[in-house]
Amino acid sequence: MPQLPTNTQILAIVNIYNHMVRAMAKPTWAVVVIVVAQLACVEGLGVNWGNQASQNLHPRNIVQMLKDNNITKIKLFDADTWVVKHFAATGIEVMLGIPNIHLESLADRYSHAKAWVKANLTRHIHQGGVDIRYVVVGNEPFLSAYNGSNLQTTFPALWNIQKAINEVGLGDRIKATIPQNADVYDSGTKGPSAGDFRADIRATMKQIVQFLRDNNAPFVVNIYPFLSLSLNPDFPIEFAFFSGGAQPVQDGSITYTNVLDANLDTLVSALKKAGCGTVPIIVGEIGWPTDGDKYASVELAKKFYDGFFNKIAMTKGTPLYKNSIEYYLFGLTDENLKSIAPGDFERHWGIFTYDGQPKFAVDFLGRNTNKMPVAAKDVKYLEKKWCVYVSTGETADVLAANMDYACTNGDCTALKYGSPCSKLSNSSKVSYAFNMFFQMMYQDVEACDFGGLAKIVTKNATVGNCLFPIALDTDWAWSVAADVRSVFVVGLLVVLLLLEF
């Protein structure tokens with residue numbers, strides 16, 4: 001029988017959290033939505049939605065999807081005007097975001113913050129407009145992997161944005177905050193009660209949390225029990241879930257049976273040490289992927305979410321924090337362009353597939369009703385055609401080279417580990433790779449050639465439970481509008497800078 005980890009070892013493992021950078025191939029917008037339960041069972045529940053995919057559901061489809069699932073709040077990680085306007089007069093509350101790349105500019109000049117507020121916030125505030133409640137400044141800016149690159153700019157940017165919001169008379173209504181990774185605090189090998197902010201950023205974090213306290217703004221933190229399990233071979237598996245099968249961790253008179261409570265109470269202790277124990281807490285990202293890792297599967301994702309919803313339906317807060325906490329699930333849909341540097345699972349966080357179809361039954365109310373979430377409606381697809389492999393007697397090296405090209409430029413992450421697609425025959429795996437590349441290239445005829453090793457067919461190429469997807473028919477005006485918006489924003493910033501001088 002393997003030796004169980006000691007209490008001290010578990011506490012040390014608990015402090016190894018979401019220390020990975022989600023690399024983005026290009027600037028993107030992502031959103032978080034908050035599910036409001038019809039009954040007072042689960043309160044303040046949310047879900048992240050990102051667009052790092054070859055095709056994305058149109059915002060009008062998302063609005064329908066959110067309403068059908070009783071979702072009334074949404075968070076964006078930038079402030080794309082075209083996206084934001086789709087939430088006007090919908091009854092959906094919005095949280096705008098500012099990417100890390102803008103921190104230096106906003107910190108450098110207050111006039112830049114005023115210009116941002118005017119261009120991205122106040123223009124939407126009118127009768128029948130967008131119900132904006134928060135502005136998120138940066139995203140996990142103090143990750144250890146960033147080596148302090150945002151340390152001097154994040155707090156000044158936050159200060160300037162809130163000041164600009166106050167100046168236009170919206171300070172009581174709209175608050176600025178910063179989503180932090182859980183690596184900004186730890187407790188070493190001791191229990192959560194010893195929690196404190198990381199030594200290298202402690203002074204800055206104290207300034208930030210005192211600012212949040214004084215402005216009645218929340219502390220937002222991202223926590224991933226999945227990563228604790230996936231990245232640490234000695235992590236006790238059941239401690240990532242909520243089924244009660246984990247070896248308890250004792251911290252004084254408090255017993256912890258899951259990593260989430262232990263992590264959150266480490267933050268609570270850090271906030272108290274900074275004199276900010278009253279700052280409300282929001283968990284900005286939490287979830288479980290369904291593919292791309294030995295611990296990533298539909299079955300384990302369902303186990304995590306079932307236990308999670310039951311937990312937050314029955315209890316408020318944690319042993320050290322008795323108030324309600326808003327949780328934002330990660331994520332809404334799969335994203336097949338996310339960087340897989342941290343792991344293949346990065347493209348499989350969605351509770352829904354790329355086209356808005358639910359992967360498994362989940363009860364947002366925590367009542368074990370085992371219902372499937374409502375899918376996206378009126379989804380438009382490209383033509384019903386697929387790209388498949390045709391053997392021509394090619395050498396193994398030629399076939400391997402074409403397979404590698406398709407996977408490098410497409411998405412083959414579902415072919416690994418224990419997913420249904422991993423059980424395909426070798427020739428079917430080649431077809432899967434070719435088709436994924438073909439669909440991600442919007443069914444371009446030239447994307448189904450591979451030196452004569454592929455052909456386009458109209459018969460569904462799906463094999464068993466391994467779906468061979470069809471690309472979404474995205475609105476052409478969306479793409480064109482995005483390019484026009486980019487040119488407009490750059491031009492506006494140039495004008496503002498010229499006026500400044």
Legend entry - Over 12 non-hydrogen atoms of neighbours within 6.0 angstrom of CD in Glu104: no
Interatomic distance, [X] atom [atom1] to [Y] atom [atom2] [nearest 0.5 angstrom]:
X      : Y      : atom1 : atom2 : answer
Met95  : Ile74  : CE    : CD1   : 11.0 Å
Thr353 : Ile351 : OG1   : CD1   : 12.0 Å
Ile125 : Asp131 : CD1   : CG    : 7.5 Å
Ile223 : Asp183 : CD1   : CG    : 11.5 Å
Glu140 : Leu143 : CD    : CG    : 5.0 Å
Asn435 : Gln439 : CG    : CD    : 4.5 Å

Flag the pair [X] / [Y] as yes when at least one side-chain heavy-atom distance between them is below 4.5 Å, and no otherwise.
X      : Y      : result
Ile178 : Val136 : no
Leu337 : Met440 : yes
Phe242 : Asn310 : no
Val390 : Leu453 : no
Val83  : Leu76  : yes
Val362 : Pro373 : yes
Asn222 : Gln180 : no

Between [X] and [Y], a side-chain donor and acceptor under 3.5 Å:
X      : Y      : value
Glu238 : Ser243 : yes
Asp411 : Thr413 : yes
Ser428 : Ser431 : no
Lys302 : Asn370 : yes
Asn51  : Glu335 : no
His112 : Ser105 : yes
Tyr354 : Gln55  : no
Ser422 : Lys416 : no
Asn100 : Asn139 : no
Asn263 : Tyr185 : yes

Inset, instruction - Go through the steps for Val398 and Asn402 under the test side-chain contact (heavy atoms from CB on, under 4.5 Å), then give the verdict. - result: CA-CA 6 Å; Val398 169; Asn402 281 276; 3.7 Å; yes
Closest approach of [X] to [Y] (non-hydrogen atoms, all atoms of both residues):
X      : Y      : answer
Met65  : Ala376 : SD-CB, 3.9 Å
Asp363 : Asn368 : OD2-N, 2.8 Å
Lys459 : Trp386 : O-CE3, 3.4 Å
Asn150 : Phe142 : O-CE2, 3.6 Å
Tyr134 : Pro218 : CE2-CD, 3.4 Å
Asn258 : Phe241 : CB-O, 3.4 Å

Legend entry - Which residues share a ring-ring contact (aromatic ring centres under 6.0 Å, His included) with Phe226, sequence neighbours left out: Trp288, Phe345, Trp349
Would the distance check show the side chain of [X] and the main-chain N or O of [Y] forming a donor-acceptor pair, the cut-off being under 3.5 Å?
X      : Y      : answer
Ser419 : Leu415 : no
Gln443 : Glu383 : yes
Asn232 : Ser228 : yes
Ser230 : Leu227 : no
Asn48  : Gly331 : no
Glu394 : Thr392 : yes
Lys423 : Gly418 : yes
Asp334 : Gly350 : yes

Inset, instruction - Sorted by first residue and then second, give each ring-ring contact (aromatic ring centres under 6.0 Å, His included) pair with at least one member in residues 399-436; sequence neighbours left out. - result: Tyr405-Phe437, Tyr432-Phe468, Phe434-Phe450
Legend entry - Salt-bridge present (Asp291, Arg347; N to O < 4.0 Å): no
Legend entry - Salt bridge flag under 4.0 Å for residues Asp68 and Lys377: yes
Inset, instruction - Over 60° means perpendicular and under 30° means parallel, so classify the ring planes of Trp82 and His86, tilted if in between. - result: perpendicular
Inset, instruction - List the steps, then state whether salt bridge (Lys or Arg N to Asp or Glu O under 4.0 Å) holds for Asp261 with Lys311. - result: CA-CA 11 Å; Asp261 281 348; Lys311 166 186 162 52; 2.8 Å; yes
Legend entry - Asn460 vs Thr462, side-chain hydrogen bond (donor to acceptor under 3.5 Å, both in side chains): CA-CA, chis, key distance, verdict: CA-CA 6 Å; Asn460 194 333; Thr462 293; 2.8 Å; yes
Legend entry - Chi angles and distances behind the side-chain contact (heavy atoms from CB on, under 4.5 Å) call for Ile237, Leu229: CA-CA 6 Å; Ile237 295 177; Leu229 176 60; 3.7 Å; yes
Legend entry - Worked check of side-chain contact (heavy atoms from CB on, under 4.5 Å) between Thr474 and Asn56: CA-CA 7 Å; Thr474 55; Asn56 295 280; 5.6 Å; no
Inset, instruction - Would you sort out whether Lys359 and Thr290 count as a side-chain hydrogen bond (donor to acceptor under 3.5 Å, both in side chains), showing the intermediate values? - result: CA-CA 9 Å; Lys359 297 180 184 178; Thr290 57; 2.7 Å; yes
Inset, instruction - Before giving the answer on side-chain contact (heavy atoms from CB on, under 4.5 Å), spell out for Ile98 and Trp116 the whole-Å C-alpha distance, their side-chain angles and the decisive distance to 0.1 Å. - result: CA-CA 9 Å; Ile98 301 175; Trp116 188 94; 3.4 Å; yes
